[in-house]
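All remarks here apply to the structure that follows.
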Amino acid sequence: MTPRYEPHEIEQKWQRVWEDEGAFRAPNPVQSEPTAENHWYQLEMLPYPSGPSLHMGHVLNYTMGDVQTHVRRRSGWHVVRPMGWDAFGLPAENAAIREGRHPRETIERNIETMRGQMKRLGWAIDWEREVSAHQPTFYRWTQWLFQQFVANGLCYRREGPVNWCPNDQTVIANEYVVDGRCERCGAEVELRNMTQWYMRTTAYADELLEYPGAEWPEKTKAIQRNWIGRSEGAEILFRVEETGEDLAVFTTRPDTLFGATFFALAPEHPFVNAHASEEAKEYARHAGARPVEERAAATTKTGVFTGFHAVNPINGERLPIWVSDFVLMDYGTGAIGGVPAHDERDAQFAETFGLPVVPVIDDEGRLINSERFDGLPSEEGKRAIVAALEQEGRGKPTVNYRLRDWSVSRQRYWGCPIPFVHCEKCGVVPVPEQDLPVILPDIEDYAPKGRPPLAANEEFMAVHCPQCGGPARRDPDTMDTFVDSSWYFLRYIDSHNDEAPFDRFVVDYWLPVSQYIGGIDHSTGHLLYSRFFVKAMNDWGMVGFREPFARVFHQGWVTLGGTKMSKTKGNVEGPDQVVDAYGADAVRLYILFMGPADQDMEWTPDGVEGIVRFLRRLWRIVHEVAERPPADDAREAALARKANETIVRVTDDVLRRFQFHTPISAMMELVNELSGAVDAPDARFAAETLVSLIQPYAPHVAEELWGVLGHERLWEAPWPEADESQLVRDTFELVVQVNGKVRDRFEVDASLDEDALVARARESERVRSYLDGGELRKTIVVPQKLVNFVV
RNA sequence: GCCGAAGUGGCGGAACUGGCAGACGCGCCGGACUCAAAAUCCGGUGGCCUUCGGGCCGUGUGGGUUCGAUUCCCACCUUCGGCACCA
């Protein structure tokens, strides 16, 4: 008599066993011993513990990683699969503010809940490696690394315009300003001038366009390419007639230089303030104050003549210098040569102010009105003109980037303190290594108020300068959370090391991450920053690789009501209810069965029933098979072949195609076939294969059924391998077409040669009726598949 | 405007290398079991036509290549994502 399928009992039972045995612990290699060749670092982006629960998007993500982990482990790979918490930062702090509690309390409670949910879903995580960004044992090394960046000239302080979120009361990075608004809270961002720490990401701008040894989705690379915005062109010097000074211009179209009819400066350009007429300065003050968004949205161009003229170095032409807000100070040099004939914006400007238009490229893309360069194709013209200017020291080829350095100072409390002190005598001085970490003090009033909350804490702020011993002040800002997440994947590998952030030997063994799973929304942020970190560390000799993530996969969004589940939108659905109702195995199977993992999917629990039916069916059938005495020599039938085919499909889909929903379909097919043949001699083989294949998806029920079949420890049993000999078919279904349309199909012997197949096809009554009366022009035979007659 | 992805039944989707379109599941319809229901099991389920043998149409639209196209090529439409007064 088959017992009832009771998921909760089974799941608790096996989770306890795995925990007691440390089943999913992955020991690090030891330098003196040989290391495994097949190693796999499975990583999914770590969660923010800012909400009180995981949501179904997390469930999708981590279940995918889990299936990959189990299949790799059982296929003989040494797999590490860690987990941790992105505990610092705005989302966590804002959640705490809403609750009226200290951020530490909120996030530590959330971490506990989420960890419990993860364990309840049975994910194979090596919990020994767990880290959280807010622990001093972690952020000590974030601070240490920060100092390394400074020491190596890749992190620096400067004053400049920054994006200020008036709602969150802090500076935010360019990468997290979307359409002029704060990516987190949606408030319109203001420009402010402040002194801030920056990571010099631009130092690697060119290299970030290359992905040595890393297979990334084209889409992600395109997003990063757009963001870096490399463009090749030339820098050209125009002399100001009245003052004799040179103004540089960046252009991607030096071939149109003869068409320049005016010269324009950004309102913020220093020349404007130094020389321009009062009217022009007045314009610049107003225009410069308008947000860029608004400037871009304006339909007509505005501007004021400065009273000065620039000399075009290629032909000596005298151009009026204007100031206009369509020229941007932070791209190129903040100055342009206006060519109305070949640039849409310049054309609008020229039209508004009645400036001349001189075409210099004809319909065939050749230069005209360009003196000795006439007739050259545009591309050649570019090179020739730049070369000519270079001879006279008036121009040179240049590359420009859209990428800006990453601003990392935040005027908020809940983050990693910046390990520098400000001394009036010595300047900005690093906190000595032996004094790290600079502990984030527990303060009562951490609410944002426009100046960093730590600044009000005298106990924290007042220090002695490490260099001269005189009075000094700590840096009251904290770091952007993305600094923490730029290296956490390295700390997992050596999370208990208290002498260094990590040991290079173990990190070089595991890294780069074999498979990284996470949202595509991090393409221009976290994924770019992490690459920057690793390239820098590689240059300093800290790591032996140059890319952090060998393969990247982006899951689709799990949506509710059409929008991505997120706390800010309030449409979060956690796993607890469904797990209560159906068990973890059903939830794991269902979230993956919903559709291709890289596409968005609307969450609805409606289909879970189908999965539960499937599990109950599996449960009953495996019990039925187990009750029958095992047959000898049981592998020579259709069921065995189906089982072998299923092994091939599941393995190929998970390991090569990274596809998780089709293997479930394949296993359902096998269950359907087995359900009608529990007495077949190969039924036991089919049942064992099935249970073994489903283990990565539904590890608890699989383990239980493995026991029913008389075995144990499925989680470490070898992954099934298909028996090639059983995949061979003696017969196949021959499809017979006439003019490409299927007219008949029947089983034939697989050994028949082409002539024999044609002969068999001709014998078909149905086919004959279509062949009669026509002239046979061609016969196409596809071995093992079809015969097509063309009449 | 530039760059990238996608469009298949009532729904989620499958078809990997050009070779039987719609696997698998949901939903729906019918049947068995039952006093009844749930659960379970069996069968059906793209559209139109049918003399019930089958026939025709069908993968966003229009063309093309091919014996044969969901798959390749060209043009277009729609949706989604990235960049964007970036010179």
Side-chain angles (χ1 to χ4, degrees), chain A residues 178-179 217-231 233 249-254 256 260 264 266 292-293 295-299 301 324-328 330-339 342-346 348-349 400-402 520-521 523-524 554 557 589-590 593-596 598-602 604 606-611 613-614 616-617 620 649 652-653 656-657 659 661-672 675-676 733-745 765-766 777-791:
Chain A
V178 179
D179 293 332
E218 257 327 298
K219 203 199 291 186
T220 321
K221 290 197 280 188
I223 290 172
Q224 294 198 338
R225 210 182 305 126
N226 275 338
W227 186 256
I228 294 165
R230 181 184 202 273
S231 54
V249 150
F250 172 75
T251 178
T252 55
R253 297 295 306 275
T256 65
V292 181
E293 292 292 308
R295 284 159 66 165
T299 44
K301 298 277 179 277
S324 175
D325 67 359
F326 85 88
V327 184
L328 306 175
D330 66 353
Y331 185 78
T333 61
I336 61 151
V339 184
H342 302 290
D343 183 283
E344 210 179 313
R345 296 147 304 170
D346 295 353
Q348 286 169 10
F349 190 80
N400 229 287
Y401 300 91
R402 192 162 24 234
I520 195 165
D521 54 335
S523 298
T524 58
H554 301 294
W557 302 129
L589 276 164
Y590 179 58
F593 189 61
M594 280 183 74
D598 57 354
Q599 277 174 40
D600 295 355
M601 49 187 98
E602 173 72 10
T604 153
D606 293 350
V608 194
E609 297 286 352
I611 288 292
R613 273 201 277 276
F614 165 64
R616 281 202 283 253
R617 236 170 138 207
R620 183 176 46 92
R649 281 172 70 184
D652 190 55
D653 280 356
R656 182 179 66 85
R657 299 180 71 199
Q659 189 164 290
H661 62 314
T662 40
I664 301 175
S665 299
M667 292 186 279
M668 285 173 168
E669 282 181 42
L670 184 54
V671 169
N672 291 346
S675 77
E733 193 177 53
L734 179 70
V735 173
V736 186
Q737 297 180 333
V738 178
N739 291 334
K741 287 195 169 163
V742 179
R743 295 304 178 188
D744 202 1
R745 57 188 80 160
E765 277 302 324
R766 291 182 189 174
R777 286 194 299 163
K778 210 168 175 182
T779 305
I780 284 129
V781 183
V782 182
Q784 304 295 311
K785 282 214 173 89
L786 62 77
V787 172
N788 185 14
F789 295 113
V790 186
V791 291

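In what follows, every chain begins at residue 1, and chains take the letters A, B, ... in the order their sequences are listed. Just so it is clear, the model here is predicted, and its values are computed rather than measured.
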Do you know which two heavy atoms are closest between [X] and [Y], and how far apart they sit?
X	Y	value
A:Glu602	A:Met594	O-CE, 3.0 Å
A:Phe250	A:Ser231	CZ-O, 3.7 Å
A:Thr220	A:His554	OG1-NE2, 2.7 Å
A:Ser523	A:Ile223	CB-CG2, 3.7 Å
A:Asp346	A:Gly338	OD2-CA, 3.4 Å
A:Asn788	A:Asn739	OD1-N, 3.5 Å

Without decimals, in angstroms, what is the distance between [X] [atom1] and [N] [atom2]?
X	N	atom1	atom2	value
A:Asp325	B:rC86	CG	P	13 Å
A:Asn739	B:rC67	CG	C1'	8 Å
A:Asp606	B:rG10	CG	C1'	14 Å
A:Glu609	B:rG12	CD	C1'	16 Å
A:Ile520	B:rC80	CD1	P	16 Å
A:Gln224	B:rG81	CD	C1'	15 Å
A:Tyr590	B:rG12	OH	C1'	8 Å
A:His554	B:rG82	NE2	P	13 Å

For this session: Apply salt bridge (charged side-chain N to carboxylate O under 4.0 Å, His left out) to A:Asp521 and list each qualifying residue two or more places apart in sequence or on a separate chain.
Result: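 A:Asp521: salt bridge (charged side-chain N to carboxylate O under 4.0 Å, His left out) contacts with A:Lys564.
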Problem set entry | RNA chain B: 5'-proximal contact among A:Arg743 and A:Gly337 (nearest heavy atom) |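 Closer to the 5' end of RNA chain B: A:Arg743.
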Exercise. How do A:Ala335 and A:Met601 order along RNA chain B: which one's closest nucleotide is nearer the 5' end?
Worked result: A:Met601
For [N] and [M], measure between their [atom1] atoms and round to the nearest Å.
N	M	atom1	value
B:rC33	B:rC24	C1'	27 Å
B:rU51	B:rG64	C1'	40 Å
B:rG22	B:rG12	C1'	13 Å
B:rC16	B:rA69	P	16 Å
B:rG44	B:rG10	C1'	16 Å
B:rA5	B:rU50	P	46 Å
B:rU70	B:rG60	C1'	12 Å
B:rU59	B:rC52	C1'	28 Å

Exercise. Where does B:rG53 land, syn or anti, once you apply the within-90°-of-0 test for syn?
Worked result: syn
Exercise. Pick one for B:rG9: is it syn, with its angle within 90° of 0, or anti?
Worked result: syn
Seminar exercise, completed: Counting primed atoms, P, OP1 and OP2 as sugar-phosphate and everything else as base, the B/S/- map of nucleotides 15-24 of chain B against protein heavy atoms under 4.0 Å is SB--BB--BB
So what does [X] touch, heavy atoms closer than 4.0 Å: a base, only the sugar-phosphate, or nothing?
X	answer
A:Ile223	sugar-phosphate
A:Gly610	sugar-phosphate
A:Val339	nothing

Problem set entry | Verdict with reasoning, A:Val736 to A:Arg743, per side-chain contact (heavy atoms from CB on, under 4.5 Å) | CA-CA 6 Å; A:Val736 186; A:Arg743 295 304 178 188; 5.7 Å; no
Exercise. What residues form a side-chain hydrogen bond (donor to acceptor under 3.5 Å, both in side chains) with A:Arg657, not counting sequence neighbours?
Worked result: A:Asp653
Problem set entry | From A:Tyr590 atom OH to A:Asp606 atom CG, the distance as rounded to the nearest 0.5 Å |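 Output value for this atom pair is 6.5 Å.
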Problem set entry | Stem list, RNA chain B (Watson-Crick or G-U pairing under 3.5 Å, at least 3 consecutive pairs) |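 Stem list for RNA chain B: B:1-7 with B:77-83, B:10-12 with B:24-26, B:27-32 with B:40-45, B:46-49 with B:54-57, B:60-64 with B:72-76.
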Are [X] and [N] close enough that a side-chain N or O sits under 4.0 Å from OP1 or OP2?
X	N	answer
A:Arg345	B:rG1	no
A:Lys741	B:rC57	yes
A:Arg230	B:rC86	no

For this session: Would you please classify the geometry between the A:Phe326 ring and the A:Phe349 ring as parallel, tilted or perpendicular, with 30° and 60° separating the classes?
Result: tilted
For this session: Show the numbers, then the answer: is there a side-chain contact (heavy atoms from CB on, under 4.5 Å) between A:Lys219 and A:Ile520?
Result: CA-CA 9 Å; A:Lys219 203 199 291 186; A:Ile520 195 165; 3.3 Å; yes
For this session: Taking only the side-chain heavy atoms of A:Arg616 (C-beta and beyond), determine which of B:rA39, B:rA14, B:rC85 contains the nearest atom.
Result: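 My answer, after comparing the listed nucleotides, is B:rA39.
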For this session: State, yes or no, whether a side-chain contact exists between A:Ile611 and A:Met668 at a heavy-atom distance under 4.5 Å.
Result: yes
For this session: Using a 4.5 Å cut-off on heavy atoms from C-beta on, say whether the side chain of A:Arg649 contacts that of A:Glu669.
Result: yes
For this session: State whether a side-chain donor-acceptor pair under 3.5 Å links A:Asn672 with A:Arg617.
Result: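 Note: A:Asn672 and A:Arg617 side chains meet the donor-acceptor criterion.
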Anything under 3.5 Å between a protein N or O and an N or O of nucleotides 41-52 of chain B, put it in a table, one pair a line.
residue, atom, partner, partner atom, Å
B:rC41, OP1, A:Arg617, NE, 3.4
B:rC41, OP1, A:Arg620, NH2, 3.4

Restricting both atoms to N or O, compile the protein contacts to nucleotides 3-9 of chain B shorter than 3.5 Å, with distance only.
none

